[in-house]
There are 2 protein chains.
Amino acid sequence: MTVQSEQIERQSGIAMWRQIADAIRAGLAGPLVDADGKLPPEKVLAERFGVNRHTVRAAIRALAHEGVVQSHQGRGTFVRRKRRLTYPIGQRTRFSQGLEGQAANRSTELLAHGREQAPADIARALDIETGTGVVRLESVGLADGVPVSRATYWFDAERFGTIADVFARSGSVTRALAQLGVTDYVRAWTRIEARHGAVDDLDHLRLSPGAIVLVTEAVNADMDGRPVQYSLTRFAADRVSLQVGGD
Amino acid sequence: MTVQSEQIERQSGIAMWRQIADAIRAGLAGPLVDADGKLPPEKVLAERFGVNRHTVRAAIRALAHEGVVQSHQGRGTFVRRKRRLTYPIGQRTRFSQGLEGQAANRSTELLAHGREQAPADIARALDIETGTGVVRLESVGLADGVPVSRATYWFDAERFGTIADVFARSGSVTRALAQLGVTDYVRAWTRIEARHGAVDDLDHLRLSPGAIVLVTEAVNADMDGRPVQYSLTRFAADRVSLQVGGD
DNA sequence: TCTGGTTGTCTATAACAATAGATAAATTGG
DNA sequence: CCAATTTATCTATTGTTATAGACAACCAGA
């Protein structure tokens with residue numbers, strides 16, 4: 001992707017240290033860092049962004065808190081993660097398989113689950129009546145120990161009432177559905193939006209306030225075309241890109 | 001989409017008026033506004049967000065500047081645009097056709113064009129040698145007079161050296177390509193990211209600083225599979241959603 | 001071991017963001 | 001027309017953000 005030399009603006013309602021943190025984070029893959037993953041010294045960064053060194057320090061402090069960089073007194077500040085994960089979206093979209101080869105360890109963690117009555121939009125997506133019982137799962141997807149996605153899944157309670165237990169044991173939606181009789185499924189549609197992360201999401205994704213999340217809203221259907229699962233997934237926008245088609 | 005009651009945070013590096021502006025903008029389609037498109041009074045909003053009325057006013061001032069809402073003394077504050085455009089992404093992705101039925105007037109405006117030598121990433125996408133001459137077009141896409149996308153296109157100069165003129169006259173990539181012998185093309189792949197808008201983009205999209213842009217990086221290929229066009233499109237994230245498959 | 005380069009910490013000041021309260025001006029509905 | 005509702009404007013105060021300068025602590029290499 002072509003590098004856009006991100007400028008910062010004063011009096012924009014966004015603190016300059018935050019804008020600089022965002023700019024540094026976005027530029028980590030580019031010419032900002034050298035081969036060793038070392039950032040330019042604070043003094044240089046301050047000159048480049050046209051701000052005081054203390055302001056740059058506030059930005060770096062935020063990035064260090066996020067786990068993106070790490071500073072060492074006397075040595076410099078170093079990037080901890082560089083590559084952005086590319087997450088394919090298509091007919092056969094699955095979380096773990098999509099990241100094969102990009103991350104050594106991939107896992108999904110179940111945060112919570114419960115039953116509720118389907119609100120109108122979810123009922124429509126699952127092609128059931130509004131108010132029908134649905135199971136909701138809340139999960140976090142990790143790649144190499146770093147959280148990349150925060151998903152909420154809904155299933156028809158009548159068909160998949162026990163999926164929470166199965167999911168908790170197997171740690172995978174695909175495997176859980178397989179055990180409940182859905183041996184194969186395809187992605188019916190995916191809608192993609194972007195917004196600032198909600199507090200809960202930022203928390204689980206270890207992002208700082210103001211960070212962007214890519215939101216995918218999707219429905220998976222079984223081979224008969226019946227909707228099986230409705231999901232709302234929030235990706236840490238600076239850790240992933242979504243790809244439709246290609247390679 | 002399920003509404004997330006967006007919370008606001010203090011001392012996050014993002015001014016509260018900006019967080020509130022973002023929250024209001026995100027909630028415009030929801031229960032925040034009544035049937036007439038009228039926002040709750042400033043006093044009520046201030047209570048709901050737990051801030052002073054002046055802070056809400058700062059948020060509304062920013063939204064009014066963006067053109068999202070309009071205030072009238074004594075009457076209230078009203079939403080000017082409500083619906084989010086859904087932009088389909090698939091094999092036959094085209095800008096104007098995808099928005100048919102969603103906006104009465106759709107147009108594309110050519111901002112600038114020029115020739116340059118292809119950098120490595122663009123050359124790879126177009127399957128040509130690095131340094132080969134390419135034509136670059138800069139454009140803005142509008143729906144009902146509101147800018148929704150800011151695109152940069154690259155074409156192989158050898159095949160499409162005159163495309164800037166043709167595009168300027170026809171106002172459409174599809175028609176311009178047709179006149180240059182590419183009667184049909186398909187979307188080879190699309191990659192989607194989200195980030196804070198660069199200054200230039202915010203300017204053309206009439207967004208305020210800190211706004212989010214959805215970035216699609218895509219390649220269109222002719223029916224022989226030869227890449228025809230590489231594009232980098234920035235959508236105003238609060239005005240569009242991207243949809244893959246479905247309806 | 002010394003020197004230059006780098007991050008860490010401290011103090012002080014100026015600019016901006018948020019709160020608080022009061023009052024004016026415009027609109028709507030009775 | 002009057003009263004209630006709502007946005008617009010003003011003053012004042014407090015807390016957060018950004019700037020400025022100085023110096024300490026630490027590291028790597030000569």
Side-chain angles (χ1 to χ4, degrees), chain A residues 7-24 32-80 208-210, chain B residues 7-24 32-80 208-210:
Chain A
Q7 266 177 275
I8 59 166
E9 264 186 306
R10 285 160 198 271
Q11 299 180 8
S12 63
I14 302 189
M16 295 178 61
W17 61 264
R18 171 138 298 289
Q19 295 185 58
I20 290 167
D22 292 340
I24 291 176
L32 192 70
V33 298
D34 67 11
D36 303 340
K38 183 171 180 295
L39 259 69
E42 294 169 353
K43 195 182 159 195
V44 174
L45 287 173
E47 280 165 12
R48 187 168 311 178
F49 288 109
V51 299
N52 191 276
R53 194 186 134 219
H54 292 288
T55 310
V56 168
R57 283 184 59 73
I60 288 175
R61 197 185 313 133
L63 291 173
H65 183 76
E66 273 179 55
V68 177
V69 302
Q70 196 162 13
S71 294
H72 300 277
Q73 188 169 358
R75 287 178 55 209
T77 302
F78 297 82
V79 179
R80 295 183 62 179
S208 49
Chain B
Q7 266 177 275
I8 58 166
E9 265 186 308
R10 284 158 199 273
Q11 296 181 12
S12 61
I14 301 187
M16 295 176 63
W17 61 266
R18 172 138 295 291
Q19 294 185 59
I20 290 167
D22 292 340
I24 291 176
L32 192 70
V33 298
D34 68 11
D36 304 339
K38 181 173 183 292
L39 259 70
E42 294 169 352
K43 196 183 159 193
V44 174
L45 287 173
E47 280 165 10
R48 187 168 309 176
F49 287 110
V51 299
N52 191 275
R53 197 186 130 221
H54 292 288
T55 310
V56 168
R57 282 183 60 73
I60 288 176
R61 198 185 312 135
L63 291 174
H65 183 75
E66 271 180 55
V68 177
V69 301
Q70 196 162 14
S71 296
H72 301 277
Q73 187 169 357
R75 287 177 57 207
T77 301
F78 298 82
V79 179
R80 297 182 60 177
S208 48

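Chain letters run A, B, ... following the sequence lines, proteins first, then strands; residues in each count from 1. Just so it is clear, the structure is predicted and the values come from calculations on it, not from any experiment.
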**OP:** Using whole Å, report how far CH2 of Trp17(B) lies from C1' of dT16(D).
**Re:** 15 Å

**OP:** Give the rounded distance in Å between these two atoms: CG of Leu63(B) and P of dT7(D).
**Re:** 14 Å

Original post:
What distance do Thr55(B) atom OG1 and Gln19(B) atom CD have between them, rounded to the nearest 0.5 Å?
Top reply: 11.0 Å

**OP:** Choose from dT6(C), dT6(D), dT19(D) the nucleotide whose nearest atom is closest to any side-chain atom of Pro41(B).
**Re:** dT6(D)

Subject >> the helix from dT1(C)-dA30(D) to dG30(C)-dC1(D): angle between end helix axes, five pairs per end, rounded to 10 degrees >> reply: 30°

Subject >> Atom pair distance, as rounded to whole Å: CE in Met16(B) and C1' in dA17(C) >> reply: 10 Å

Original post:
How long is the line joining CD1 of Ile60(B) and P of dT6(D), in whole Å?
Top reply: 12 Å

Original post:
Can you check the Glu47(B) CD to dA20(C) P distance for me, whole Å?
Top reply: 12 Å

Original post:
Between CZ of Arg57(A) and CG of Asn52(A), what distance do you get to the nearest 0.5 Å?
Top reply: 11.0 Å

Subject >> Nearest listed nucleotide, side chain of Val51(A), among dT6(C), dT19(D), dT7(D) >> reply: dT19(D)

**OP:** Tell me which of Ala58(B) and Gly76(A) sits closer to the 5' end of DNA chain C, going by the nucleotide each one is nearest to.
**Re:** Gly76(A)

Subject >> Ile20(B), Val79(B), Ile24(B) screened by side chain to side chain contact (heavy atoms under 4.5 Å, CB included) with Leu63(B), the one that passes >> reply: Ile24(B)

Subject >> For atom CZ of Arg57(A) and atom P of dA20(D), their distance in whole Å >> reply: 17 Å

Original post:
Could you state the CD-C1' distance from Gln70(A) to dT7(C), rounded to the nearest angstrom?
Top reply: 13 Å

Subject >> Spacing of Gln19(A) atom CD relative to dC16(C) atom C1', expressed in whole Å >> reply: 14 Å

Below 3.5 Å between N/O atoms, which protein atoms pair up with nucleotides 22-29 of chain D? Just atom names and distances, please.
{"unit_1": "dA25(D)", "atom_1": "N3", "unit_2": "Gln73(A)", "atom_2": "NE2", "d": "3.0"}

Subject >> Any residue meeting side chain to side chain contact (heavy atoms under 4.5 Å, CB included) with His72(B), in chain and number order, not counting sequence neighbours >> reply: Gln70(B), Arg75(B), Phe78(B)

**OP:** Would you indicate, yes or no, if dT6(C) has its OP1 or OP2 atom less than 4.0 angstrom from a side-chain nitrogen or oxygen of Ser71(A)?
**Re:** no

Original post:
Is the phosphate of dT7(D), meaning OP1 or OP2, less than 4.0 Å from a side-chain N or O of Thr77(B)?
Top reply: yes

Original post:
If you look only at pairs with a residue in residues 43-53 of chain B, which of them pass as a salt bridge (Lys or Arg N to Asp or Glu O under 4.0 Å), with sequence neighbours excluded?
Top reply: Glu42(B)-Arg53(B)

Subject >> For Thr77(A), all residues meeting side chain to side chain donor-acceptor pair (under 3.5 Å), sequence neighbours excluded >> reply: Ser71(A)

Original post:
Taking all atoms of both residues into account, what is the closest heavy-atom pair of Trp17(A) and Ala59(A), and its distance?
Top reply: O-CB, 3.2 Å

